[in-house]
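These notes concern the structure reproduced below.
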Number of protein chains: 2
Amino acid sequence: MVTLSDVAKEANVSKMTVSRAINHPEQVTPELLALVEKAMTKLDYHPNSVARALVNNRTNVIKFVTLEDIDTTEPYYMNLLFGVARGLKADSYAIQLVTDIDQIQKGNADGYIITGAREYNYPIFDELKKPFIFFGETSSNFDFVDTDNRYGTSIATKYALERGYQDAVFIGIDVKEGFEYAREYGYLASMQERNLEPKIFRTGNHSHLAEKLIDEQIENIKPNTCFICASDRLAIGVCRALSRLNKKLPEDYGVIGFDGVFLDQVSNPQLTTVKQQIFKMGDMLAQLILEKIKQSGSAQGQTYVKPELVVRGTTK
Amino acid sequence: MVTLSDVAKEANVSKMTVSRAINHPEQVTPELLALVEKAMTKLDYHPNSVARALVNNRTNVIKFVTLEDIDTTEPYYMNLLFGVARGLKADSYAIQLVTDIDQIQKGNADGYIITGAREYNYPIFDELKKPFIFFGETSSNFDFVDTDNRYGTSIATKYALERGYQDAVFIGIDVKEGFEYAREYGYLASMQERNLEPKIFRTGNHSHLAEKLIDEQIENIKPNTCFICASDRLAIGVCRALSRLNKKLPEDYGVIGFDGVFLDQVSNPQLTTVKQQIFKMGDMLAQLILEKIKQSGSAQGQTYVKPELVVRGTTK
DNA sequence: TTGTACGCGTTATCAC
DNA sequence: GTGATAACGCGTACAA
């Protein structure tokens, strides 16, 4: 293994000059800098991140915490995770996956990325001694990254109406969470802008529940309506019901989902959906937490990432 | 931060005694051991894994390499990854995610878990200086963990015939990979055992391709047949075609998928499928690579994990 | 600007 | 069986 000392010998300087050339190049004269760099490339030197971590009292580990009790199998998190991995790559940071809330405090890390946090989890975070960033809006003043949900349903609704659907109905998820409120709000505002009366139904986030809902309500919904759904799961259920009821998609009715992860593509026909930029958000989370660590915990603010409408087979 | 020295002072022994009490307790007299343990719990001491890693010339990092150019969004890998994370938890190991083949050599790790490897990748692995384990059967003599594919289609076929279907047809994936051969073999052997003539169709691993296949072939397939599919994707396509052709499921025809990750549950009706124990395999991969690291690279052998048949709505 | 000495927390080695 | 010492590779404090 090539060490700092080896490079120092090769370049005929002290270890410290090499160290400085790496970490504070502005403190080294250009001539020596060149010498050191030549030696480093010649020997193919790579800093030992463990030794570096030891002196800096770091671990080079970020904990990726998934608190939601949902099936972590959700492809959603996979995307996020790969985004995080990408953001961490350059700094030779590694990830520890945590699904059990009791495990958060076990072992060490330089920082945390936390997903699926609920209000009642907040006390736990107050005890964390290392910086953390949330994925998903929080009511507290924590740093977070989230999708601009309001914007998402807003562009979906507008698109539907522009494409010639006469009405838009919202199929929401029956939970009291910020993301759902935001998605409903985006729909509401867009409807009111056009002086249309909003209509919102809610049910559990399962395709068969949405299917049942449509079965029951289809008589109250006039043709040439577009369903704006709060998730792709719901959208798939809506499609299934419509198809069974012999309604033509996308002529008689339109369907727009939300999420754009995996499900939208395996459905038949493929869903028009509001696609969250999950990979990108993962990348951002990584960069923000690294920055926060560097700045020993200073706030990084709250970031909303705009989703994009992906038009496929379920809308005109 | 509580260190080894703090514990040593508290217990009135040397640092080495504390270190030994942790790593080689059999070399310490019971009396001192008790003293040390009392001190450790009193001070709530936790070993610094970074310092430990430095002296041992370790990184405490495992690289999780995904070579397959498929969409890494596949829920499949998420399960595997969480399994790996679970297996790594106790040893305070962290994961680095690698999707770019050029990144394998970048940075350090103590070992590799490699998924999606093909023959033409093998030369790369020969250059790796740290131990590695594959997920997925390999033709070379590498260590690996994989599903017992042959067993999987075998129990599926037998179950179908026992439940009263008169025939079983195999819908395979059109690739030249070991897993496909094994799945076909399991079906073949089970058919021959019962003196039934095997029938195999193959197509790309997409639901709509399977759907098309059934459309074309349905006339050649007599009722009361069960379709043994090489993937849930294919199975979903088969279901869709049957439903469109007004065949009754599971009365007229049966369908059994393979994989049991996510897709089987979002389909309608829910699939009877051969469920791979992916989480468990991830856990095993982690334990094997840790063991291999401890033993400085000695072979860990080849492990087949039996899948299990999950009976749901698409079979009698 | 550059170099020296020391410390980070742990473990292996070798005395006793 | 136990303890003193050195070493892992790097960075900070201080001296030159």
Side-chain angles (χ1 to χ4, degrees), chain A residues 1-40 43-61 91-93 107-110 130 293-294 296, chain B residues 1-40 43-61 91-93 107-110 130 293-294 296:
Chain A
M1 161 175 265
V2 183
T3 73
L4 210 62
S5 308
D6 300 327
V7 178
K9 273 180 208 154
E10 175 73 24
N12 267 320
V13 295
S14 76
K15 291 196 303 182
M16 273 321 297
T17 306
V18 180
S19 176
R20 272 193 278 261
I22 295 169
N23 301 305
H24 311 283
E26 73 282 0
Q27 299 179 12
V28 180
T29 51
E31 299 83 52
L32 280 188
L33 201 66
L35 270 177
V36 170
E37 277 171 356
K38 207 170 80 182
M40 289 200 301
L43 299 178
D44 191 32
Y45 168 73
H46 296 286
N48 181 324
S49 57
V50 176
R52 185 179 271 176
L54 180 62
V55 286
N56 292 331
N57 197 21
R58 294 270 166 79
T59 63
N60 281 0
V61 168
D91 292 49
S92 78
Y93 260 80
N108 299 305
D110 296 340
K130 297 294 170 64
I293 291 169
K294 263 186 209 152
S296 48
Chain B
M1 160 175 265
V2 183
T3 73
L4 209 64
S5 306
D6 299 328
V7 179
K9 273 180 207 153
E10 175 73 25
N12 267 319
V13 295
S14 75
K15 291 198 300 181
M16 270 321 296
T17 306
V18 180
S19 177
R20 270 194 279 262
I22 295 168
N23 302 305
H24 311 284
E26 74 282 1
Q27 300 179 11
V28 180
T29 51
E31 299 83 50
L32 280 188
L33 202 65
L35 270 177
V36 171
E37 277 172 354
K38 208 170 79 183
M40 289 200 301
L43 300 177
D44 191 32
Y45 166 74
H46 296 285
N48 181 325
S49 56
V50 176
R52 185 178 272 176
L54 179 62
V55 285
N56 291 332
N57 195 22
R58 294 271 166 80
T59 63
N60 281 0
V61 168
D91 292 49
S92 79
Y93 259 79
N108 300 306
D110 295 342
K130 297 295 171 63
I293 292 168
K294 262 187 212 150
S296 48

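Residue numbers start from 1 in every chain, and the chains themselves are labelled A, B, ... in the order their sequence lines are given, proteins ahead of strands.
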- With sugar-phosphate meaning primed atoms plus P, OP1 and OP2, does A/V28 contact a base, only sugar-phosphate, or nothing at under 4.0 Å between heavy atoms? sugar-phosphate
- Message: Just N and O in the side chain of A/N23: are any of them under 4.0 Å from OP1 or OP2 of D/dG11?
- Response: yes
- Item | Derivation of the side chain to side chain contact (heavy atoms under 4.5 Å, CB included) call for B/R52 and B/N23 | CA-CA 11 Å; B/R52 185 178 272 176; B/N23 302 305; 3.8 Å; yes
- Task: Please state whether the phosphate of D/dG11, meaning OP1 or OP2, lies under 4.0 angstrom from any side-chain nitrogen or oxygen of A/R52.
- Result: yes
- Query: Below 4.0 angstrom from OP1 or OP2 of D/dG1, is there any side-chain N or O of B/T17?
  - Reply: no
- Can you figure out which of C/dT11, D/dG9, C/dC14 approaches the side chain of B/M16 most closely? C/dT11
- Examine C/dT1: is either OP1 or OP2 under 4.0 Å from a nitrogen or oxygen in the side chain of A/T29? Give yes or no. no
- Task: Mind checking A/L4 for me? I need base, sugar-phosphate or nothing, with any heavy atom below 4.0 Å counting as a touch.
- Result: sugar-phosphate
- Earlier contact from the 5' end, DNA chain D, for B/A51 and B/L32: B/L32
- Query: Within this structure, what is the CG-to-P distance between B/L54 and C/dA12, rounded to whole angstrom?
  - Reply: 13 Å
- Query: Please give, in whole Å, the distance from C/dT11 C1' to B/H24 NE2?
  - Reply: 8 Å
- Note on the structure: Distance col, row B/I22:CD1 vs B/E37:CD, nearest 0.5 angstrom, shows 9.5 Å
- Message: So, OP1 or OP2 of C/dC8: does either fall under 4.0 Å of a side-chain N or O from B/T3?
- Response: no
- Item | Separation of C/dT10 C1' from B/M40 CE (nearest whole Å) | 14 Å
- Message: Output the rounded distance in Å from CG (A/L43) to P (D/dG9).
- Response: 14 Å
- Separation of A/E26 atom CD from C/dT1 atom C1', in whole Å? 12 Å
- Task: Report the distance from atom NZ of B/K9 to atom C1' of D/dG3, rounded to the nearest whole Å.
- Result: 16 Å
- Message: Please report the distance, rounded to the nearest Å, between OH in B/Y45 and P in C/dG9.
- Response: 10 Å
- A/V18 and A/V13, any side-chain heavy atoms less than 4.5 Å apart: yes
- Is A/N48 touching bases, backbone alone, or none of the nucleic acid, heavy atoms closer than 4.0 Å? sugar-phosphate
- Query: Counting any heavy atom closer than 4.0 Å, what does A/N57 reach on the DNA or RNA strands: base, sugar-phosphate only, or nothing?
  - Reply: nothing
- Could you state the CD1-C1' distance from B/I22 to C/dT11, rounded to the nearest angstrom? 11 Å
- Item | Inter-residue atom distance B/N56.CG - B/I293.CD1, 0.5 Å rounding | 12.0 Å
- Task: Working to the nearest 0.5 Å, report the span between CD of A/Q27 and CG of A/L33.
- Result: 11.5 Å
- Let me know, please, whether B/Q27 or B/N56 comes out on the 5' side of the other along DNA chain D by nearest nucleotide. B/Q27
